[in-house]
Amino acid sequence: MAELLTTRKENYSQWYNELVIKANLAENSVVRGCMVIKPYGYALWENMRDVLDKMFKQTGHQNAYFPLFIPKSYLSREASHVEGFAKECAVVTHYRLKQSPDNEGVIVDPDSKLEEELIVRPTSETIIWSTYKNWIQSYRDLPILINQWANVVRWEMRTRLFLRTAEFLWQEGHTAHQTKEEAIEETEKIIHLYADFVENYMAVPVMVGLKTASERFAGAVETYCIEALMQDGKSLQAGTSHFLGQNFAKAFDVQFLNKENKLEYVWATSWGVSTRLIGALIMTHSDDKGLVLPPKIAPLQVVIIPIYRNEEQEAKVSEVANAIVKELQQKNISVKYDNRDEYRSGWKFNEYEMQGVPVRITVGARDLEKNQVEVFRRDTMDKKLATPDVVVDEIVDLLEDIQQNIFNKALAFREKNTCVVDTWEEFKDVIENKGGFVSAHWDGTAETEEAIKEATKATIRCIPLNNPQEEGKCIFSGKPSKERVLFAKSY
RNA sequence: CGGGAUGUAGCGCAGCUUGGUAGCGUGCUUCGUUCGGGACGAAGAGGUCGCAAGUUCGAAUCUUGUCAUCCCGACCA
């Protein structure tokens, strides 16, 4: 019993850290702040990526790849963009190593200094817009709808597996349009695509909204976001979609001739989700026994575990198990028959529960005498008996049910932890003691936002889309306000 | 960059006060018995004690320096 997790109640962040390691998702690397994504964690990312990639293509986007390195001068073209990223950039200054004079390893060759230093991309707007400039002459060249799957580097002070690492994997979409309206439409289309993916595949309910000016992406005119509430009452930004206006077009001089033969700057968007989504997934569904994964993206949907005493029993059990495996595979359900002899069944149960496999089937010699197998669902930890000939049909339904159930559970949690508050005292109390989302009036100024953050550590997570308009008074300043915004402490 | 802590077997740790053959748990290897919720026994493999200098007959242990990592703050998807 040495492998138990710290419970969420004991120490939520320790629980998270241990879970990532023990569920075999990822581990820290020798390079500070960087992670090794292990096969099980990477399989999860691949499943997420595959679904998203299909969604992007269905909405008319194409994949491309732009360089990892960006000339330093590019980053300084757009003023607020530089300001946003300058403090966390890795810089390449040399291109060669040589044997050290004392023959103890290698040193940077001082003669290999680069004429212009290169920045390891923290995001690709600048390199992409400098390229788009050459691709765009006429309105006939628009829109450009491109996505890239890539790694980026942001030199973070404090890192945590998946939630914030110095290097992470993501996708970044970069689109160019003729009109402001079309670009805004694209920005909104993508944020809804993200919400659709995160809710319907990852089973994580999200709030869709707009960022305030201070939380906005550096260089954006408007930032749309999806925010998810974690089990510790903190909010996590799970994806962003930016309307960039003509900021980058102007910075990189990207103009096109419109139908009236007049030069215009193009309108831009960019949008992304990262491996951080895996952090959101873990913290939304998992429990003190380990990971809980939504069937639609789980690397392994069903595991079958045999129980037997001797070879004769093993043969019988395996025959039934293998038949179930085959039938599940025919229905495109991923399944593993774990007949390793070196571990006992109880050990395997705990292992797969830690890894969040949605369904487990136990086939025991004693079961077979009664023509039954045991079906276990990870989300509720319930066990049921089924006859081998119908178990596969039941599992198809069960996987659906688990997907739905964990979403409903997460949604109920969010609703329970979203408070409408009208006084400053109550606001402080809820943020301090209960956590979760707090819906409150705000006077719309950055000063008030900053003062609230200073006092409570809570920030405005978003201004929900289609927000009901109502007269009210700012929670902090008492000034008039016409809508509520969502506050929370955040990751 | 401030404040605190830690470096000893793959992992988790003890040993250091009072210097004298480097230990425990777990994991690993082999064999046997087990097998319905993290089995048990036996036999094994595995360590420049972070690094460097110093004190000493002798340093994991004492001294000095140095490097690294982790935690708490300022910055962030």
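The model shown is predicted, which means the values in this text are computed figures rather than measured ones. The chains referred to below are lettered A, B, ... by the order of the sequence lines, with proteins before strands, and numbering in each begins at 1.
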Please write out the pairs of protein N or O atoms and N or O atoms of nucleotides 3-11 of chain B separated by less than 3.5 Å, giving the distance to one decimal.
none

For the pair A/F252 and A/F248, name the ring-plane relationship: parallel under 30°, tilted 30 to 60°, perpendicular over 60°. parallel

Only pairs with both distances under 3.5 Å count, Watson-Crick or wobble alike; so what is the partner of B/A45 in this structure? none

Looking at B/G25, which nucleotide sits across from it as a Watson-Crick or G-U wobble partner, both distances under 3.5 angstrom, or is there none? B/C11

Under 3.5 Å, side-chain donor or acceptor atoms of residues 33-43 of chain A against the rest of the protein: list the pairs with distances, not counting sequence neighbours.
unit_1: A/K38; atom_1: NZ; unit_2: A/N24; atom_2: OD1; d: 2.7
unit_1: A/Y40; atom_1: OH; unit_2: A/Q355; atom_2: O; d: 2.6

Determine the Euclidean distance between corresponding P atoms of B/G46 and B/A22; express it in Å to zero decimal places. 15 Å

Starting from P on B/C71, measure out to CG on A/N11 and report it in whole angstrom. 12 Å

Compile the donor-acceptor pairs under 3.5 Å between side chains in residues 383-392 of chain A and protein atoms, sequence neighbours left out, one pair per line.
unit_1: A/T387; atom_1: OG1; unit_2: A/D389; atom_2: OD1; d: 2.8

Side-chain N or O of A/R32 less than 4.0 angstrom from OP1 or OP2 on B/C70? yes

Summarise protein proximity over nucleotides 27-37 of chain B in one line of letters, 5' to 3': B for base, S for sugar-phosphate only, - for none, counting protein heavy atoms closer than 4.0 Å. -S-----BBBB

In the strands shown, is B/C16 matched to any nucleotide by a Watson-Crick or G-U wobble pair with both distances under 3.5 Å, and which? none

May I ask which nucleotide in the shown strands pairs with B/G32, Watson-Crick or G-U wobble, both distances under 3.5 Å? B/C40

Check side chain to side chain contact (heavy atoms under 4.5 Å, CB included) between A/N350 and all other residues, then give those that pass, not counting sequence neighbours. A/K289, A/E353

Take the protein atom CD1 of A/I21 and the nucleotide atom P of B/G12, then report the distance between them rounded to whole Å. 10 Å

A/R340 charged N/C atom sitting above A/Y343 aromatic ring, 6.0 Å / 45°: no

Checking A/E10 now: which residues fulfil side chain to side chain contact (heavy atoms under 4.5 Å, CB included) with it, not counting sequence neighbours? A/T6, A/T7

I'd like the P distance from B/C13 over to B/G32, given in whole Å. 36 Å

